[in-house]
Amino acid sequence: TGSVIVDLAAENGGNVEGCKPGETYTNENGVTIIGKFPMQNEMPNQASSLFSNNCSNFLKSMGDKETFFLNPADEAVRGTWLLDDGVELERYIPVLAPPPPPKEPAEEVEKEPEMSDETKNLIKVFTQCVIWAVPAIALAFASKGVDLGNLGMLTTFALACLAGAAAVKGVQSALHSPLMSLTNAISGLTIVGGLFVFQDMASFATAAWWKWLGPVAVFVSALNIGGGFTMTGRMIGMFKRKTDAPKYTEVYSVIMAAVLAGGFWYAQAAFVGSAFLISSIACLTGISCLANQDTAPFGQALGTLGVGGAVAATFFSIPSVVITQALATAAAGGLLGYIISVRSEVTDLPQLVAAFHSLVGLAATATALADFMAHSSMTGLGHLASVYVAACIGALTITGSLVAFGKLQGLLSGAAMKIPLQNPINAGIVAVTGFFLAKFFMAPAITPLLVGTGLFALLGYLVASQVGGGDMPVVITLLNSASGWALCAEGFALGNALLVIVGSLIGASGAMLSLEMCEAMNVSVAQVLKITSKVKPGAGGDGEICEIDGDCTETLVESVAEHLCAAKKVMIVPGYGLAVAKGQYALSETVKFLKAGGADVKIMIHPVAGRLPGQLNVLLAESGIDYDDVLDMEENNEPEDWEDIDLALVVGANDTVNPLAETEPNCEIYGMPVIRCWLAKEVVMLKRSLGAGYAALPNPLMYNENSLMLLGDAKCNLEYMRDEVRTKMSDTCLIDL
């Protein structure tokens, strides 16, 4: 009595005596026989698979591959063990560990009284006064020994910094990767300095070592220009949709190049100054055009025009005897850069940008050293300071960029290198470099210049090495800024306003981008570089993170596909794991199938996801995802934005979706803006394992009641998911295969 039998063969007459197809009834013995059909179509098709998978894993846990045994010390085994050699075992009741004693309440810390608005405003006033007064006083003391020409150059420098900071402010986060690539290519204007110090190669076999530096600067700068603009064009082209009207940027470039050529033909060398001015404006406008996807192609064209015009103008300013040699050197470097960029994958973009930054640093250092050796009679403090700064910043950029490249390429460990007293050591290097700068001023010679350059090369290595792989996006933007300052210092050394303007644009834009990245991570630049430690905002207590317990609910690909097909609104949150797995193409096809089935599918990318700002935006654009479907986190992350999201699919992201950033004051990422995907009705996380992310923090999202975990290789799971979604959609006639 009370037994229930489900006859799955009821449709064909049934396997149970007394079964009535299509009905449920209870016989005279009290047995309920369910004969409804088709029963299997009314049940989740993954239920049997999940149950069998659990049973299989449980049995596999009882021993190894060759030996099967029952371990009475295993609570799971003992709890299900009823008979031993036919003898009924005593009922097993597990002994529960006593609960931990409650924590003593933390002592209340008296909060300091908040400052009044009047006090805050007064502090702001004094701060602004200091910001403006200190440079003014410094210029006042320096004016006696500085001619009007150098003061004019300083004015140009200040205005260009403001323009660069303003230009990058309007750039969308989705275009930060093309922005980095474009500014890196423009910083290849170090070729101008290399051309000015280019020596006749006819006597190179017996020439002094420093005469090789000009050709080296020209070659690596041209390599950077050719590779940088090629990669920028590839990335911007990925955002182009099939429905977009042609931009005709090629026609624009040809016409503008013809106008410049006409100017050179008409005015000859007299047009050089005007060409430099046009190039400066073109570079600034090109950076500004990356504000959105619609104008980005013109930014690429204007940047190319600016660099090309500057290089052409420089050839009118160098001795005719070296023009052919310089052209051959530049052509070889540009061709090599083009080949490298064409053969590189988008996933290699971060390390490619880092490598190109090192070339800018090498060109700046080589030009500074060659300029000093060629014009050693120029002993003005302004000139000497410019040479020294250009060489040092260039050297720092070389080693820092090579370390970043090694970490991103996997040649070096991504972990932060720890050296005892590292910050005092770094400070000591800066101090000793300053000492040799003073010696360089008192007695200009190559030795103190080389020592200072070598010390800053060591500093670049140490600073970049002590930053972990997860913070490399900020390091790359800082190196981008450093390459701009190196170019700017080179301009001061050569007295070239173009290099000062463009270098300031790149330096300021890179600095602003670094600050934006740090703001998105809730850290400061000093904390990223390990100069200062991040102060945890939690007050009182023992400083421990709250204990996270519970069970993760694992799922299968078939189940995830079923949930996706049933969802009306889907939000996809990709992370760096998607880039590593190269699963963007399968994800793009899945999005296409879901949208064809009537679902509203959007993508939300965290500003610091990936290893380069905007890397995931480029990655998804390459796979065919419409950039209009990518939402801005800052504008679409309020609780009400998630109320109607049926399913949030998290692919390869961890720290950027960790609720601890909002709930746990003692954790390292507290206060960092994160994507609130846990507010969706259901969450599916694709991860390789249940391990922690880069911040080494537990993620309570994995333990939420509305979260499912799909573990394994993201690319494989996404490909299986795509196939399942396509099959289910085609079976219900929602899409055509």
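Along the sequence shown, residues carry numbers from 1. Only heavy atoms go into these numbers, but all of them, side chains included; no hydrogens, no water, no symmetry mates.
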Considering only heavy atoms from C-beta outward, does the side chain of [X] approach that of [Y] to under 4.5 Å?
X: Tyr576; Y: Leu619; value: no
X: Asp713; Y: Arg688; value: yes
X: Val560; Y: His563; value: no
X: Asn704; Y: Met685; value: no
X: Arg676; Y: Pro639; value: yes
X: Leu620; Y: Leu578; value: yes
X: Leu302; Y: Cys289; value: yes
X: Met604; Y: Asn637; value: yes

Say you draw a straight line from [atom1] of [X] to [atom2] of [Y]; how long is it, rounded to the nearest 0.5 Å?
X: Thr477; Y: His176; atom1: OG1; atom2: NE2; answer: 10.0 Å
X: His357; Y: Phe405; atom1: NE2; atom2: CZ; answer: 13.5 Å
X: Ile572; Y: Leu647; atom1: CD1; atom2: CG; answer: 9.0 Å
X: Asn617; Y: Ile605; atom1: CG; atom2: CD1; answer: 4.0 Å
X: Met721; Y: Cys716; atom1: CE; atom2: SG; answer: 12.0 Å
X: Met633; Y: Thr656; atom1: CE; atom2: OG1; answer: 9.0 Å

Salt bridge (Lys or Arg N to Asp or Glu O under 4.0 Å) against [X], all qualifying residues, sequence neighbours excluded:
X: Lys595; value: Asp629
X: Asp723; value: Arg726
X: Lys681; value: Asp646

Q. What's the verdict on side chain to side chain contact (heavy atoms under 4.5 Å, CB included) for Met231 and Asn184, showing C-alpha distance, side-chain angles and the deciding distance?
A. CA-CA 10 Å; Met231 180 56 75; Asn184 178 72; over 6 Å; no

Q.
For the CD atom on Glu640, are there more than 12 heavy atoms of other groups (residues, nucleotides or ligands in this structure) within a distance under 6.0 Å?
A. yes

Who pairs with [X] by side-chain contact (heavy atoms from CB on, under 4.5 Å), at least two apart in sequence or on another chain?
X: Thr232; result: Ser181, Leu182, Ile236, Gln300
X: Ala561; result: Glu724, Val725, Lys728
X: Val475; result: Val467, Met472, Leu479
X: Thr183; result: Leu179, Ile287, Asn480, Ile506, Ser509

Which pair of non-hydrogen atoms, one from [X] and one from [Y], has the smallest distance, and what is that distance?
X: Ala160; Y: Leu505; answer: O-CD2, 3.4 Å
X: Ala404; Y: Ala354; answer: CB-CB, 4.1 Å
X: Leu175; Y: Ala291; answer: CD1-C, 4.2 Å
X: Cys677; Y: Val683; answer: O-CG2, 3.3 Å
X: Ala296; Y: Leu290; answer: O-CD1, 4.1 Å
X: Gly228; Y: Phe356; answer: N-CE1, 3.8 Å

Looking at residues at least two apart in the chain, or sitting in another chain, which of them share a side-chain hydrogen bond (donor to acceptor under 3.5 Å, both in side chains) with [X]?
X: Tyr627; answer: Arg241
X: Glu643; answer: none
X: Asn717; answer: none
X: Glu719; answer: none

Q) How far apart are the C-alpha atoms of Met571 and Leu631, what are their side-chain angles, what is the distance that settles it, and do they pass the side chain to side chain contact (heavy atoms under 4.5 Å, CB included) test? A) CA-CA 10 Å; Met571 183 70 74; Leu631 302 180; 3.7 Å; yes

Q: Please check if any side-chain donor atom of Glu622 sits under 3.5 Å from a side-chain acceptor atom of Tyr585, or the reverse.
A: yes

Q. According to the salt bridge (Lys or Arg N to Asp or Glu O under 4.0 Å) rule, which pairs have a member within residues 574-589, sequence neighbours left out?
A. Glu345-Lys582, Glu589-Arg722

Please confirm whether the backbone N or O of [Y] pairs with a side-chain atom of [X], one donor and one acceptor, at under 3.5 Å?
X: Ser623; Y: Ser588; answer: no
X: His606; Y: Val657; answer: no
X: Ser514; Y: Gly510; answer: yes

**Q.** Test applied, side-chain contact (heavy atoms from CB on, under 4.5 Å); reference residue, Leu686; option that passes from Leu649, Leu708, Val650
**A.** Leu649

Q: Would you mind telling me which of Val591, Val684, Leu594 makes a side-chain contact (heavy atoms from CB on, under 4.5 Å) with Leu564?
A: Leu594

**Q.** Leu529 vs Leu478, side chain to side chain contact (heavy atoms under 4.5 Å, CB included): CA-CA, chis, key distance, verdict
**A.** CA-CA 10 Å; Leu529 299 179; Leu478 287 172; 4.0 Å; yes

